[in-house]
Amino acid sequence: MSFTLPELPYSYDALTPYMSRETLEYHHDKHHQAYVTNGNNLLKGTEFEGKSLEEIVTGSYGKNAGLFNNAGQHFNHMHFWHWMKPNGGGAIPGELEKKIVEDLGSVEKMKEDFIQAGVTQFGSGWNWLAVKDGKIVVMKTPNGESPLVHGATPILGCDVWEHSYYIDYRNRRPDYLKAFVENLVNWEYVAELYSKAV
Ligand SMILES: [Fe+2]
């Protein structure tokens, strides 16, 4: 398969004031497009041609850094657009909420730990909720990595590369993470990924 840039699942203005049109234009049209273009160029002629995106990500990790970085970021961003929605951050679907409370203490504790993981990811990367060995865990990864390459299944991720927040929040990464959790997260999509992961 080759990589294709997906359309955003909402308009460029849909996430204001928490994420602006300008951010989405740069982030989706320029940054994600670059991962797709570079990934396709680096995929050509490798053993990974014809594999699924997940197989390319896990297979190239530690073996082909250029391909991995671009394929990993393509995978992360494919989900990232769906991890947000207008008027997001509301109630968590029941079964998922129950599991969060069971594994992470409470919804409030989960939000705190998730934000803290993003704040403490040094430099570019992502913070996550993932399913590992049947449990929901909080993780953080550098650059284009994801829980996929650490034996876990990502169900929610927040992009803490500066390109995701610098236009709207400048250096205030904690404010961006708080807005993401409180006003942007599409918990129905998280629940859908959770149900597939268990
Ligand atoms: Fe990004």
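Quick note: residue numbers are just sequence positions, from 1. Numbering of ligands and ligand atoms starts at 1, following listing order. No experiment lies behind these values; they were computed from the predicted model shown.
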Of all N/O/S atoms in Asp159, the name of the one nearest the Fe ion (ligand 1):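 Going through the N, O and S atoms of Asp159 one by one, OD2 ends up nearest to the Fe ion (ligand 1).
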Could you tell me which N, O or S atom of His27 is nearest to the Fe ion (ligand 1)?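 Within His27, restricted to N, O or S, the Fe ion (ligand 1) is closest to atom NE2.
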Is it true that atom OH of Tyr26 has more than 12 heavy atoms of other residues, nucleotides or ligands lying nearer than 6.0 Å?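 Not more than 12 within 6.0 Å, no.
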CG of Asn87: more than 12 outside heavy atoms within 6.0 angstrom? no
If you measure from the Lys or Arg side-chain nitrogens to the Asp or Glu carboxylate oxygens, is any gap between Lys98 and Glu102 under 4.0 Å?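 No.
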N/O/S from His163 sitting under 2.8 Å away from the Fe ion (ligand 1):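 A backbone or side-chain N, O or S atom of His163 is under 2.8 Å from the Fe ion (ligand 1).
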Does His77 bring an N, O or S atom to within less than 2.8 Å of the Fe ion (ligand 1)? yes
Determine the interplanar angle of the Tyr35 and His77 rings, folded into 0 to 90°, and report it as parallel if under 30°, tilted if 30 to 60°, perpendicular if over 60°.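 Tilted.
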